[in-house]
Asker: 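Next up is a structure, given as structure tokens.
Throughout, a chain's letter reflects where its sequence line sits, starting with A, and its residues are numbered from 1.
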Number of protein chains: 2
Amino acid sequence: MARPYDVYEARCPTRMVLDRIADKWAVLILDRLRAGPVRFNHLRRDINGISQKVLSQTLKRLERDGLVSRAVFPTVPVTVEYTLTPLGHTLTDTVAAIAHWAERNMDAVLKAQAAYDARAGAG
Amino acid sequence: MARPYDVYEARCPTRMVLDRIADKWAVLILDRLRAGPVRFNHLRRDINGISQKVLSQTLKRLERDGLVSRAVFPTVPVTVEYTLTPLGHTLTDTVAAIAHWAERNMDAVLKAQAAYDARAGAG
DNA sequence: CCGTATCCGCGAGGATACTG
DNA sequence: CAGTATCCTCGCGGATACGG
């Protein structure tokens with residue numbers, strides 16, 4: 001609106017948001033939710049290597065930021081589904097692009113690292 | 001490319017790359033370099049709040065990953081310019097989109113947080 | 001099944017001082 | 001100007017155990 005947010009300002013609230021969404025786990029979670037609702041333990045299995053605590057924390061923050069919604073179904077045992085909100089959907093394409101960039105350009109990065117290390121090592 | 005990289009695998013090298021580029025400071029640096037070469041202390045001033053150490057570290061990693069190149073000019077005192085590589089350019093649009101998403105949707109996020117906190121506090 | 005609670009190591013990253 | 005070196009804090013995130 002009238003107030004221009006500037007992510008380059010140290011005290012701008014956008015910095016908090018940037019810190020949340022520019023996060024490895026958040027990126028993977030948001031990307032994983034693109035296809036539809038996913039249950040907690042399903043996410044846990046899919047995102048190989050994430051701990052229960054960190055998954056829980058990250059989901060809670062994403063929910064608080066309005067990117068993800070949490071639905072509890074009173075089955076026995078209880079079922080919980082996480083779904084992208086409309087706001088979340090506006091972000092996932094961007095976030096998914098980052099994850100996929102890593103996959104597509106992995107070889108180039110590895111090559112660059114090898115060249116850099118060779119230069120540093122040899123002189 | 002016989003080998004398919006999968007960012008959901010814990011031991012996939014793409015995880016390292018994702019960890020690097022899904023980083024607040026890296027995002028800001030890459031976005032800042034879009035317009036052209038920038039000197040070290042200029043970056044330091046522009047990216048409000050970043051420390052000298054972290055800027056140096058992040059730039060070195062980005063250089064190692066082949067996203068940024070470093071050019072030294074033998075002036076007195078010495079001048080150092082950081083520039084995006086072609087590989088870096090393939091990433092900046094995506095990365096910039098994240099930073100700008102934060103600015104554009106800040107109000108929505110703040111509103112969601114307020115609603116969440118009200119719910120959590122009241123009942 | 002879906003979490004919360006607790007302990008704790010480790011490394012990111014800020015502050016400060018110094019060098020080429 | 002463009003860093004490196006050092007110290008120190010703080011909280012991320014893994015491991016484990018337990019509750020709803």
Asker: Can you name the nearest heavy-atom pair linking V7(A) to E103(B), along with the distance?
Answerer: N-OE2, 2.8 Å
Asker: In whole angstroms, how far is the P atom of dA12(C) from the CE atom of M16(B)?
Answerer: 14 Å
Asker: Listed in order of residue number, which residues of residues 34-53 of chain B have a non-hydrogen atom at under 4.0 Å from DNA chain D?
Answerer: R39(B), F40(B), N41(B), Q52(B), K53(B)
Asker: Given 3.5 Å as the limit, does a donor-acceptor pair link the side chain of D6(A) with the main chain of Y8(A), or not?
Answerer: yes
Asker: Keeping Y82(A) on the side-chain end and E63(A) on the backbone end, is there a donor-acceptor pair under 3.5 Å?
Answerer: no
Asker: Can you name the nearest heavy-atom pair linking R34(A) to H89(A), along with the distance?
Answerer: O-CE1, 4.4 Å
Asker: Between R104(B) and A97(B), what is the shortest heavy-atom contact and its length?
Answerer: NH2-O, 4.5 Å
Asker: Pick the closest DNA chain C nucleotide for Q57(A) and for P77(A) by heavy atoms, then say which residue is nearer the 5' end.
Answerer: P77(A)
Asker: Among residues 18-28 of chain B, which contact DNA chain D at a heavy-atom distance under 4.0 Å?
Answerer: none
Asker: Table please: side-chain donor-acceptor pairs of residues 22-30 of chain A below 3.5 Å, with sequence neighbours left out.
Answerer:
unit_1, atom_1, unit_2, atom_2, d
D23(A), OD2, W25(A), N, 3.2
D23(A), OD2, A26(A), N, 2.9

Asker: Looking at T92(B) and D31(B), would you say the former's side chain and the latter's main chain have a donor-acceptor pair under 3.5 Å?
Answerer: no
Asker: So which nucleotide from dG14(D), dG3(C), dT4(D) ends up closest to the side chain of Y82(A)?
Answerer: dG3(C)
Asker: Quickly work out the L55(B) CG to dG13(C) P distance and round it to whole Å.
Answerer: 12 Å
Asker: List the atom of L55(A), the atom of F40(A), and the distance in Å for their closest heavy-atom pair.
Answerer: CD2-O, 3.7 Å
Asker: Tell me the interatomic distance from R70(B), atom CZ, to dA2(D), atom C1', rounded to whole angstroms.
Answerer: 8 Å
Asker: Within the structure, does a side-chain N or O atom of S56(A) lie under 4.0 Å from either OP1 or OP2 of dC2(C)?
Answerer: no
